[in-house]
Amino acid sequence: MNVHFSAQGEALSPTHLSPTTLAHASGVPAHLFASPEVPIERSALRDALRLLDLHAAARTLDPALRVEALALTPDLHRASPAPVGTALLTRGFLTPHLIGNDLGCGMRLHLTGLRADDLRPHLDALERELRAVFFQGRRSLSLTGRQREALLRGGVPELLAAPRPAGQRGLWDLLGAQEPGPDPQVPFVHGQLDGVQDWLGAREQASFDTQLGSVGGGNHFVEVQEVAAALDRHAAYAWGVRPGEVVVMVHSGSLGFGHLFRAQLRTWARAVPGAPLPLLPADRPGVPGVLDALHAAAHLASGNRLVLACMVRSALGRALPPGMLTDDQPFPALSDAPHNFIWSAGDGRWLHRKGATPAAAPGAQAPHGEPVLIPGSMGDFSYLLAGQGHPLALGSASHGAGRRQPRGAAMRLSDADLRRVLETLRVVTPIDLRAARADIRARALSALKQEAPGAYKAVTPIIDTHARAGLARPVAALRPLLTIKSL
DNA sequence: ATGTAC
């Protein structure tokens, strides 16, 4: 293995260009994409290589089962039970624990057509509107059972097509007004779908509407950004991404509801001697619901990202002077993709991505390559890239900068230092950090510390690595104007 | 990673 380690156990970066071929007894092709500027942990690499033991273990069940390839993205970092930044291609079986905790979690980007210079004088007003719509109850959504089922079955298009009761109000108005049109998230084909309504018991029905439109915790966020620079002018122009324009980025997942689907997938899997994770043979009788569970979670997560983006759109409309942003102005989604998911190739192969995002090569549907969103840490730039479909990366890219400090270590940041960070940023949270009770404020501050810039690696070297390795071409740099974080 | 607000 051409990776060298420091005395501290950090993997030093290969001195040659990516990728590094990783050797393993299974003989399965495995490649690490890294660069001198981005150290990775030895333990993360060890845990990733251990995934290849799935190959021999699966073959004890059925010789047709196999692991076909492993790819590790530039933000690889340690997590349980498998590192973040992993793409694994299998044949004949899935391993549901290799999705990440939040099934369907991903990124979405909308264009507003608004000039950042026009918005800047109104950021205080926008902050107030966003706090109201995200955290102060102006977000009531009351869907019918049929609408909820439609969202799970077919995503936003089916939700919009479902019968709408006369006089239905609330957040639903946003969706109706904005006519999002064809969504970029079309790659999800329907599963068998027969069992979808079984997921919606009385308790789930009740919590569905309150969950939809919530940001989620941890590193999830919604951000109003300015296109700071077009790095690839042709792709940026083709995508309608103009320097100085306001865009809306969403990072969120399938919420509490998605845990039902994840849990169900995991109950179908079984432990196999020698396998680092439980296996789910795809043709096992009695498991017709694998695609149902996967796609329902993906539709829910993507639908939630749309709802969150529409909430920002509505706040923008109210914060700006009349006429500056009207309901009929387009609000197109440029991209929506999960980075915790299992894709069925339809030919018996399954592509697992845990904290890795699809980055397909230019094709008929996306002539410049698939749009790829890589967010920086709180306060940092995010990047829009164009996928290059690198075969050894399994068409994948990083999903973020990657955590540098474990959560515990990040908590050691002092309150004063965190406050200095927050003073330079506009961060909207459910509570007013100045006015809140001391114990509530302490909890909020510790949550924010875990997401503070120092807890993450710098994003720029990650982006450079993608460019040099041929994973994805940088198209635009996006500067945060205002960030919404739920604690 | 997981309702919201305190």
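In what follows, chains carry the letters A, B, and so on, assigned in the order in which the sequence lines appear, proteins first and then strands, with residues in each chain numbered from 1.
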### Query
R404(A): what forms a salt bridge (charged side-chain N to carboxylate O under 4.0 Å, His left out) with it, not counting sequence neighbours?
none

### Query
Nearest to the side chain of I431(A), which nucleotide is it out of dC6(B), dT4(B), dA1(B)?
dC6(B)

### Task
Give the nucleotide from the list dA1(B), dT4(B), dC6(B) with an atom nearest to the side chain of S486(A).
dT4(B)

### d(CD, Q211(A); P, dA1(B)) in whole Å
16 Å

### Task
Round to the nearest Å and state the distance from R437(A) atom CZ to dC6(B) atom P.
10 Å

## Note on the structure
Taken to the nearest whole Å, NE2/H399(A) to P/dA1(B) is 8 Å

### Message
Counting only side-chain heavy atoms from C-beta out, which of dC6(B), dT2(B), dA1(B) sits nearest to L255(A)?
### Response
dT2(B)

#### Entry: Spacing of R266(A) atom CZ relative to dT2(B) atom C1', expressed in whole Å
13 Å

### Message
Rounded to whole Å, how long is the line connecting atom CZ of F221(A) with atom P of dA1(B)?
### Response
12 Å

### Query
Out of dT4(B), dC6(B), dA1(B), which has the shortest distance to the side chain of N219(A)?
dA1(B)

### Query
Choosing from dA1(B), dC6(B), dT4(B), which nucleotide comes nearest the side chain of N101(A)?
dA1(B)

### Task
Would you classify G216(A) as touching base, sugar-phosphate or nothing, given that sugar-phosphate means primed atoms plus P, OP1 and OP2, and contacts are heavy atoms under 4.0 Å?
sugar-phosphate

### Task
Describe the nucleic acid contact of R407(A) in one word from base, sugar-phosphate, nothing, applying a heavy-atom distance below 4.0 Å.
sugar-phosphate

### Query
Once you round it to whole Å, what is the distance between C1' of dT2(B) and CZ of F208(A)?
15 Å

### F257(A) CZ to dT2(B) C1', straight-line distance once rounded to whole Å
13 Å

### Query
Do other residues, nucleotides or ligands put more than 12 heavy atoms under 6.0 Å from R46(A) CZ?
yes

### Query
Should the pair K457(A)-D380(A) be classified as a salt bridge under the 4.0 Å nitrogen-to-oxygen rule?
no

## Note on the structure
Checking dT4(B), dC6(B), dA1(B) against the side chain of R443(A) (C-beta onward), the nearest is dC6(B)

### Query
Does OP1 or OP2 of dA1(B) have a side-chain N or O of S254(A) closer than 4.0 Å?
no

### Query
When you measure from the side chain of I440(A), which nucleotide among dC6(B), dT4(B), dA1(B) comes out closest?
dC6(B)

### Summary
Taking dC6(B), dT2(B), dT4(B) as options, the one with an atom nearest any side-chain atom of H220(A) is dT2(B)

### Task
Nearest whole angstrom, please: distance from the P of dA1(B) to the NZ of K485(A).
9 Å

### Message
The criterion is side-chain hydrogen bond (donor to acceptor under 3.5 Å, both in side chains); which residues satisfy it with R441(A), sequence neighbours excluded?
### Response
none

### Query
Are any side-chain N or O atoms of S35(A) and backbone N or O atoms of T465(A), one a donor and one an acceptor, separated by less than 3.5 Å?
no

### Task
On DNA chain B, check which nucleotide each of R131(A) and S252(A) is closest to and give me the residue with the more 5' one.
S252(A)

